[in-house]
Amino acid sequence: MKRKPKYRFLLFLFFFFLLIHTLELHSQVRSKHGMVVSANRLASDVGIEIMKKGGNAIDAAVAVGFALAVVFPEAGNIGGGGYMIVRKADGTCAALDFREKAPRSALSDIFLDSAGNVTDRITRGCMSAGVPGTVAGLIQALDDYGTMKLKDVIEPAIILAKNGFEIDERLRSKLIEYENDLRPFPSTVKLFFKNDSLYQEGDTLKQSDLAATLIRIQSTGIDGFYKGETARLITDEMRRGGGLITEDDLAEYKPIIRKPLIGTYRGYDIITMPPSSSGGLCLIEIMNIIEKFNLDSLGYHTSQSVHIISEAMKCAYADRAEYMGDPDYVAIPVDRLISKEYASLYSAKIDPYYSTPSESIKARVVREHPNTTHYSVVDSSGNCVAVTYTLNDLFGSQVVVDGAGFFLNNEMDDFSSKPGVANSYGLTGGYANSIEPGKRPLSSMAPTIILKDGKPILILGARGGSRIITGVLQVILNVLDYRMDIENAVNAPRFHHQWIPDELIYEKDCFNSDVVLNLQERGYHTKEVISKIGALEIIYFDSDSGWIYGVPDFREGGVAVGY
Ligand code: GLY
């Protein structure tokens, strides 16, 4: 029978969307030399160009960090902070902490109103901003581990800011989503609105104020941001918007080089971020508990394997809330938390069938937001870099520093502003993470490198707030325990339990209906969610073939570029 044109058209549409979907899920690339995987093509290209000019992975990572601040303004930043794990080809490793800090005048009750309730000044406007760490962190990484000059690695970002770039569908849709939040801030409106309307997809966004800020950094290094004109513009913005950051806060900011946390898992080495992020600590704790079980024999996404993994997640998130905060302010029992003996105490208590109710584990809390960005870099010598940095929420505090052209973070919201009170995510925070002058708010960022026999297997990390840890975890388990190829390991639907709320959330198609029913019988409160459980940017090394795979997570829509 001859098909009618209408059906032919529908058939065409069906195959068209199938093709788009397939392309979306197959955006991995492979190369033999270097690779950059980031949330944005222009930024990934910048990193590759730096390596082609002879720069190493650290030079490329610094260039990508500055470039993302231009082309991915919703999360890439110079007004925020983050973490970097470096593993050099000679095996030496470092963890760079450039997390934001509370301004000196930030006291523990600063976000409470007269009735003792937390106000929205913790999430929006100048007061929500911590002292930014990104510029100092990137420059420190370059000085300590890079080979190129700052003027050369920052140049591509300056060109992108000056010449502009085309607003893509993703940025446009985020601007629409946040339009009402952004509008109250005139300096932000100046940047993203034309004749009182948001820029359209395809419009060119030129950022001359941001270019001028980057040029000041290019000329005078960290002083170009933390002193002089940029510092003056930031503090002027603080005065106008009732913020707390002073010139002294800026001048005093220093990133910290820390010893990475090292864990092991079934013969693999895990190199990850120590506090002030909870990310690495929780990751190792969870993996130590899971290691006591044979996941492979329990099966993939069976109710029994999900039960074991969820119980391990709950234990680590409970410890996160109880013990974790800025190590300069609270004594964290790190060695104990990542010891195999400590994991045995938990694994021995896991009921073989039933879920442990969260309130019977412990009762403290965390808060966080899922808007951050991660990128992974490797060069032809084998130097590896994992960077996760953030403004906290998308567009951070929503305030652009007038005349300086960049968003300020709203990282004060990662503190527990009132211990015991739940935030919009249903999470509450502990005393270890209360606000104190000069303190770093607790993070979940978990830039991580996995090795086998001293050779890198994975460079990874994620965006996703408190779901960063469980997102990173599941990709690692998919590769190491379930031996999935890397693309399936990333694309596979994920689940998440963060102890409080006592809820096992999962992405669409994560479990079949029998598994959900069985988990409910075991006492789990299950909920399918539309939001994503982490979004990763990964580099995978196939030791058999020698290929390096760059794998962006379709959840983020990032781009891998290799050479
Ligand atoms: N602001 C998200 C995090 O630091 O984990």
Side-chain angles (χ1 to χ4, degrees), residues 39 65 68 72 74-77 79-85 95-102 122-124 128-134 137 255-256 258 261 272-283 286 313 316-317 320-321 324-327 365-375 386-398 407-417 423-425 427-430 432-433 435 439-448 460-473 496 498-499 531-537 556:
L68 282 170
F72 194 63
E74 59 267 50
N77 68 82
Y83 301 95
M84 178 186 289
I85 294 288
L96 184 56
D97 179 337
F98 53 97
R99 182 70 159 165
E100 301 91 328
K101 293 176 81 166
I122 196 159
T123 49
R124 301 190 63 218
S128 65
V131 183
T134 295
I256 302 179
R258 302 187 189 274
L261 277 188
T272 188
M273 197 66 216
S276 60
S277 184
S278 69
L281 207 43
C282 289
L283 184 67
I286 296 170
M313 289 174 178
Y317 279 86
R320 180 193 194 282
M324 300 182 204
D326 182 342
V365 232
V366 287
R367 53 186 302 145
E368 263 168 274
H369 295 259
N371 298 306
T372 293
T373 191
H374 175 85
Y375 58 97
V387 183
T388 316
Y389 75 156
T390 188
L391 290 167
N392 193 28
D393 276 327
L394 275 196
F395 306 109
S397 59
Q398 278 118 45
F407 278 103
L408 285 166
N409 66 84
N410 65 337
E411 216 67 65
M412 293 302 284
D413 191 40
D414 269 350
F415 282 114
S416 44
S417 50
N423 72 351
S424 53
Y425 285 79
L427 300 169
T428 50
N433 189 32
I435 301 173
K439 192 175 179 181
R440 291 168 157 83
L442 190 60
S443 168
S444 292
M445 290 187 263
T448 298
L460 75 175
R463 61 170 282 211
S466 57
R467 303 174 189 181
I468 288 173
I469 298 163
T470 51
V472 169
L473 169 78
H496 171 80
Q498 63 183 37
W499 169 63
S531 53
K532 307 299 179 207
I533 313 248
L536 290 86
E537 310 295 345
E556 169 118 282

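FYI, side chains are in, hydrogens and waters are out, and symmetry mates aren't considered; it's all heavy atoms of this structure. Indexing begins at 1, ligand by ligand and atom by atom, following the structure's order.
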List the atom of P255, the atom of L96, and the distance in Å for their closest heavy-atom pair. CB-CD1, 4.2 Å

Given side chains that start at C-beta, do those of S277 and M445 come closer than 4.5 Å, heavy atoms only? yes

Which of the numbered atoms in ligand 1 are under 4.0 angstrom from any heavy atom belonging to D414? 1 (N), 2 (C), 3 (C), 4 (O)

Between N410 and D393, is there a donor-acceptor pair closer than 3.5 Å when you use the side chain of the first and the backbone of the second? yes

At a 4.0 Å threshold, what atoms of ligand 1 neighbour a non-hydrogen atom of R99? 4 (O)

Assess whether salt bridge (Lys or Arg N to Asp or Glu O under 4.0 Å) is satisfied between R99 and D326, documenting all intermediate values. CA-CA 10 Å; R99 182 70 159 165; D326 182 342; over 6 Å; no

Which ligand 1 atoms does N392 reach within 4.0 Å, using its non-hydrogen atoms? 1 (N), 2 (C)

Judging by distance only, is a nitrogen or oxygen of S444 under 3.5 angstrom from one on ligand 1? yes

